[in-house]
Amino acid sequence: VPEWNFTLIGMTDRQLLAAAELARQEHIYDRVVVTSGRTKKEIDFTQRFVAPFESRVSEQARAVDVDPAWVYGLIRQESLFIMDARSHVGASGLMQLMPATALRFGVTARSDPDQNVEGGTRYLKHLITMFGPRLDLAIAAYNAGENAVIRHNNTIPPYRETQDYVRQVLA
């Protein structure tokens, strides 16, 4: 990643878009999103909002009646499509499931992309059901935890990270 980022220094928008396309061809989706996001005037939304694993994500989302775009928003924000992503607090996989959440939603192998997306999507559906029509609260709960949203009287917790997270996912 540092070498990739160093190579991008001084590139024009056209060059950045070409580099992002190379990353897409190589299935390095985090570099697609980040590189395309550096352009100033020329924008390729298919790169900035790349949709890998489309059949996998759409199938899982439709199975529990969740809009696939919401699942993609979570995956993009959680892992930038890095299948073996791991957080400092123990979350892992595309949808960054914590061990207890994974077990709660039937995921035995968080590193397996299919299981991870299935479990994460089922968890998102649970949160959407829990917080009713307020998708923003469901997304906040995915990030900060269900109890954090409840503790703050069913509002988005006043944590900068969670507020930014909700904005990014909904975008």
Side-chain angles (χ1 to χ4, degrees), residues 1-87 91-97 105 107 109-125 127-128 133-144 156 160-171:
V1 172
E3 289 88 358
W4 179 272
N5 290 337
F6 181 78
T7 304
L8 301 179
I9 295 172
M11 282 191 176
T12 66
D13 282 1
R14 285 280 225 216
Q15 291 168 324
L16 289 167
L17 292 174
E21 194 56 41
L22 173 65
R24 183 179 1 210
Q25 290 170 5
E26 296 296 322
H27 308 288
I28 310 170
Y29 301 112
D30 64 315
R31 297 297 87 205
V32 176
V33 173
V34 172
T35 303
S36 185
R38 290 183 175 204
T39 63
K40 303 290 185 228
K41 294 180 182 173
E42 294 188 48
I43 297 172
D44 183 335
F45 288 106
T46 67
Q47 290 178 345
R48 286 195 184 186
F49 298 98
V50 67
F53 324 115
E54 201 280 323
S55 62
R56 186 180 295 162
V57 171
S58 292
E59 180 182 321
Q60 296 298 338
R62 288 189 187 104
V64 295
D65 194 31
V66 170
D67 186 331
W70 299 340
V71 178
Y72 270 113
L74 282 173
I75 294 172
R76 185 179 194 274
Q77 194 62 26
E78 288 289 345
S79 67
L80 268 179
F81 306 102
I82 299 171
M83 287 191 274
D84 59 351
R86 295 197 184 284
S87 77
S92 66
L94 287 169
M95 295 190 75
Q96 289 293 280
L97 296 174
F105 289 92
V107 176
R110 290 181 298 151
S111 60
D112 178 88
D114 289 324
Q115 282 194 40
N116 195 282
V117 170
E118 180 181 358
T121 302
R122 288 176 52 223
Y123 180 46
L124 176 60
K125 176 62 175 185
L127 295 172
I128 290 169
R134 297 282 311 270
L135 180 61
D136 59 336
L137 295 182
I139 292 169
Y142 197 99
N143 176 257
I156 297 172
R160 166 72 77 193
E161 176 192 333
T162 301
Q163 292 172 353
D164 290 344
Y165 180 90
V166 170
R167 274 193 293 279
Q168 292 293 322
V169 170
L170 290 176

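Minimum heavy-atom separation, S92 to R86: CB-NH1, 3.2 Å. Scanning both residues, N116 and M95, for their nearest heavy atoms gives OD1-N, 2.7 Å. When all heavy atoms of S79 and G93 are compared, the closest pair comes out as CB-O, 3.8 Å. F49 and A171 get closest at one heavy-atom pair: CE2-O, 4.2 Å. Annotation for L124 and V71: closest pair CD2-CG2, 4.2 Å, computed over non-hydrogen atoms. Residues A19 and L8 approach most closely at CB-CD2, 4.1 Å, considering heavy atoms.
Residues forming a side-chain contact (heavy atoms from CB on, under 4.5 Å) with A51 (at least two apart in sequence, or on another chain): Y72. For F81, there are no ring-ring contact (aromatic ring centres under 6.0 Å, His included) partners, not counting sequence neighbours. Applying the side-chain hydrogen bond (donor to acceptor under 3.5 Å, both in side chains) test to R24 and every residue at least two apart in sequence or in another chain returns E21, T46.
Under a 3.5 Å cut-off, the side chain of Q15 and the backbone N or O of T12 do form a donor-acceptor pair. With S36 contributing its side chain and V32 its backbone, the two residues share no donor-acceptor pair below 3.5 Å.
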### Task
For W70 and I128, run side chain to side chain contact (heavy atoms under 4.5 Å, CB included): C-alpha distance rounded to whole Å, both residues' side-chain angles, the deciding distance at 0.1 Å, then the answer.
CA-CA 11 Å; W70 299 340; I128 290 169; 3.9 Å; yes
### Message
Does V107 form a side chain to side chain contact (heavy atoms under 4.5 Å, CB included) with E118? I'd like the steps, not just the answer.
### Response
CA-CA 8 Å; V107 176; E118 180 181 358; 5.8 Å; no
### Trace of the side chain to side chain contact (heavy atoms under 4.5 Å, CB included) decision for V166 with N143
CA-CA 8 Å; V166 170; N143 176 257; over 6 Å; no
### Query
Should V117 and I75 be marked as a side chain to side chain contact (heavy atoms under 4.5 Å, CB included) after you check the CA-CA gap, both sets of side-chain angles, and the distance that decides it?
CA-CA 9 Å; V117 170; I75 294 172; 4.2 Å; yes
Only pairs under 3.5 Å count here: list side-chain donor-acceptor contacts from residues 55-62, not counting sequence neighbours, and write none if there are none.
from: R56; atom 1: NE; to: D114; atom 2: OD1; distance (Å): 2.6
from: S58; atom 1: OG; to: E54; atom 2: O; distance (Å): 3.1
from: S58; atom 1: OG; to: E54; atom 2: OE2; distance (Å): 2.5

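Considering only heavy atoms from C-beta on, W4 stays 4.5 Å or farther from V34 through its side chain. Between V33 and Q47 the shortest side-chain heavy-atom distance does not fall below 4.5 Å.
How far CG of L94 is from CG of L74: 11.5 Å, rounded to the nearest 0.5 Å. Remark: D136 CG to R167 CZ distance equals 11.5 Å, nearest 0.5 Å. Expressed to the nearest 0.5 Å, how far CD of Q25 lies from CD1 of I28 amounts to 10.5 Å.
Classified by interplanar angle (parallel below 30°, tilted 30° to 60°, perpendicular above 60°), the ring pair F105/Y123 is tilted.
Within the structure, the salt bridge (Lys or Arg N to Asp or Glu O under 4.0 Å) test picks out no pair touching residues 64-80 (sequence neighbours left out). Residue pairs that meet the salt bridge (Lys or Arg N to Asp or Glu O under 4.0 Å) test with at least one member in residues 25-48, sequence neighbours left out, are R14-E42.
The distance between the ring centers of Y142 and Y165 does not fall below 6.0 angstrom.
Within a 6.0 Å radius of CE in M11, more than 12 heavy atoms belonging to other residues, nucleotides or ligands are found.
Between the side chains of S111 and D84, no donor-acceptor pair is found at a separation under 3.5 Å.
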